[in-house]
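This structure is a prediction, so every number in the text was calculated from the model and none was measured. Counting from 1, the numbers follow the sequence of the chain as shown.
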Amino acid sequence: MPEPVTPVTFPPAFLWGAATSAYQIEGAVREDGRTPSIWDTFSHTPGKTAGGETGDIAVEHYHRYRDDVALMAELGLTAYRFSISWSRVQPTGRGPAVQRGLDFYRNLVDELLAHGIKPAVTLYHWDLPQELEDAGGWPERDTALRFAEYAQIVGDALGDRVEQWITLNEPWCSAFLGYGSGVHAPGRTDPAASLRAAHHLNLAHGLGTSALRATMPARNSVAVSLNSSVVRPLSQDPADLAAARRIDDLANGVFHGPMLHGAYPETLLTATSSVTDWSYVLDGDLAAINQPLDALGLNYYTPTLVSAAAASADGPRADGHGASSFSPWPGADDVAFHQTPGERTEMGWTIDPTGLHDLIMRYSGEAPGLPLYVTENGAAYDDKPDPDGRVHDPERIAYLHGHLSAVRQAIADGADVRGYYLWSLMDNFEWAYGYGKRFGAVYVDYATQARTPKSSALWYRQAARTGTLPPVTAVE
Ligand code: FCB
């Protein structure tokens, strides 16, 4: 990277946000007409989550949202990204909406606006209504059509007061962890189904974008949040470069190809031809997916390091969210995954801010002129309160300082990054890992639901208030 920018000061309009998702925080899973999503079913299936933990109660945000918004305001946040639980607003995944479900989100949005916090709504953060999975789930085309209807319902209800919209969160995880390695709901392990799911998620994004535009004021912004991977080859050996290319197609090109350029990469179609014939990509689909967007969301945690390997090699899978003997990389059994050297977080993810810089610069080129947001970035640590009740997390401060500096550097290098959403506002249900991995800037005592801002939250508040990163030692 070029010379670092110092002091690390951001443009005045830069958004200082935090992110969450519905199933990870809301609880209240059987209230006000909500029906099970695939995550309710999955987490209640023995052996699927650490300790059999579920989102039944989570951090009770459904009932505590007013206090949570007050806390966000105290922490100086200027933006908040949250997701809508599909089965709370449209329980069967089709047909009429439930007003009480919509009211919850309307009240939440009004509370945010009253505190001067910009809401950013994600329509889909992995919690498909179970009824739609029973009808075939994402491998089936109809799920994309249902998503467009759902997008229209939510757009109608909130489009007058929410300007920032995100169709899907990390469709890679939905497709390849949900239907490939099976470590996420619905827990299927079928490589062909995972590619079908990827296509129908793309279609859902395109149809959902059109549905939002048809119902919302033109000033609103529509985006998607991709967990685009920074895929690095272990060496410059042509075989390793080819392996990196394969994984890049499966991690990135499979989504940004149709979304941003209107085509799947030829290299992806060839490399997966023994797994699927792609016959479910119908005439008109690519045009439907390739909708003009107003922004692009990038979620980043750690880079992916790969090499060519013998077919039998059994390196660690770079799926990030849990171990499985089934691969989330269809047609790439001859690629080996390696741990990037360096310090790691509690997830075992290597800390490497240069990856975030590289990712932003890549997408600046991939989507010229499109404003970018870092819609997730953060770290899990084994945080514990001191005897005096305070929670010190200097590692998280260092992580945030490093990654925000990388964002600032990317802006200096010409990238149009408009905001940053820290993952996560508060500790929550970390999917297959249950409550064991704490990503929050705010500590949650799960026995009492008491919220305590960690040192990192106070550090972040200072950054948000001044627009300049404080030194890492500022709030020790
Ligand atoms: C992302 C997810 C988010 C959380 C973080 C740690 O992949 O979008 O819900 O699990 O990872």
Side-chain angles (χ1 to χ4, degrees), residues 138-139 144 167-168 170-177 179-180 191-206 209 223-233 236-293 296-300 303-308 318-319 327-337 355 358-370 372:
W138 285 113
T167 53
L168 306 176
E170 302 191 356
W172 185 85
C173 294
S174 301
F176 297 107
L177 302 183
Y179 296 90
S194 69
L195 288 164
R196 290 179 66 107
H199 177 63
H200 295 128
L201 282 153
N202 281 328
L203 188 59
H205 160 77
T209 300
V224 62
S225 283
L226 301 176
N227 52 325
S228 298
S229 299
V230 179
V231 184
R232 293 176 172 159
Q236 294 304 307
D237 186 296
D240 290 350
L241 293 174
R245 175 67 207 244
R246 296 261 297 287
I247 297 305
D248 188 60
D249 281 346
L250 284 164
N252 303 323
V254 66
F255 299 108
H256 80 230
M259 287 180 184
L260 301 179
H261 310 309
Y264 286 104
E266 275 305 320
T267 42
L268 169 75
L269 302 179
T270 311
T272 53
S273 60
S274 61
V275 182
T276 185
D277 62 7
W278 294 91
S279 56
Y280 39 87
V281 181
L282 304 187
D283 279 356
D285 281 7
L286 291 167
I289 296 167
N290 184 210
Q291 294 300 316
L293 294 177
L296 184 65
L298 300 173
N299 295 358
Y300 172 82
T304 301
L305 184 62
V306 303
S307 70
D319 57 18
S327 172
W329 304 104
D333 288 343
D334 53 350
V335 174
F337 292 86
D358 292 356
L359 184 67
I360 293 170
M361 296 319 293
R362 185 219 179 142
Y363 277 91
S364 244
E366 205 74 61
L370 211 55
L372 304 176

> Residues two or more places apart in sequence or in another chain: which of them pass side chain to side chain contact (heavy atoms under 4.5 Å, CB included) with Ser307?
Replying inline: Leu234, Asp240, Ala336, His338
>> If you compare all heavy atoms of Tyr179 against all heavy atoms of Ser174, which two are closest, and at what distance to 0.1 Å?
In response: CD1-O, 3.4 Å
> Measuring from Leu372:CG to Tyr363:OH, what's the distance to the nearest 0.5 Å?
Replying inline: 10.5 Å
>> Which heavy atom of Val230 sits nearest to which heavy atom of Gly355, and what is that distance?
In response: CG2-O, 3.3 Å
>> For a quick check under 3.5 Å, do Gln291 and His205 share a side-chain donor-acceptor pair by atom type?
In response: no
>> Between Phe337 and Ile247, is the side-chain contact (heavy atoms from CB on, under 4.5 Å) condition met? List the steps.
In response: CA-CA 10 Å; Phe337 292 86; Ile247 297 305; 3.7 Å; yes
>> Using 0.5 Å steps for rounding, measure from the CG atom of Leu201 to the OG1 atom of Thr167.
In response: 9.5 Å
> What's the verdict on side-chain contact (heavy atoms from CB on, under 4.5 Å) for Val224 and Leu293, showing C-alpha distance, side-chain angles and the deciding distance?
Replying inline: CA-CA 8 Å; Val224 62; Leu293 294 177; 4.2 Å; yes
>> The test is side-chain contact (heavy atoms from CB on, under 4.5 Å); show your working for Leu298 and Leu296 and say whether it passes.
In response: CA-CA 7 Å; Leu298 300 173; Leu296 184 65; 4.2 Å; yes
>> List the residues meeting side chain to side chain contact (heavy atoms under 4.5 Å, CB included) with Ala271, not counting sequence neighbours, and say none if there are none.
In response: Arg246
> Is there a salt bridge (Lys or Arg N to Asp or Glu O under 4.0 Å) between Arg245 and Asp249 once you walk through the steps?
Replying inline: CA-CA 6 Å; Arg245 175 67 207 244; Asp249 281 346; 3.4 Å; yes
> What pair of heavy atoms forms the shortest contact from Pro292 to Thr209, and how long is it?
Replying inline: O-CG2, 4.4 Å
> Does Leu226 reach the side chain of Trp172, with side-chain heavy atoms less than 4.5 Å apart?
Replying inline: no
> For Glu366 and Asn252, what are the C-alpha separation, side-chain angles and deciding distance, and is it a side-chain contact (heavy atoms from CB on, under 4.5 Å)?
Replying inline: CA-CA 11 Å; Glu366 205 74 61; Asn252 303 323; over 6 Å; no
>> Let me confirm one number: the CG-CD1 distance from Leu203 to Ile289, rounded to the nearest 0.5 Å.
In response: 5.5 Å
> Roughly how far, to the nearest 0.5 Å, is OG of Ser194 from CH2 of Trp329?
Replying inline: 11.0 Å
>> Please enumerate all residues that pass ring-ring contact (aromatic ring centres under 6.0 Å, His included) together with Tyr264, with sequence neighbours excluded.
In response: His199, Trp278
> Is Asp248 paired with Arg362 through a side-chain N to carboxylate O contact shorter than 4.0 Å?
Replying inline: yes
> Roughly how far apart are Arg196 CZ and Thr276 OG1, rounded to 0.5 Å?
Replying inline: 7.0 Å
> What's the spacing between Ile360 CD1 and Ser228 OG if we round to 0.5 Å?
Replying inline: 11.5 Å
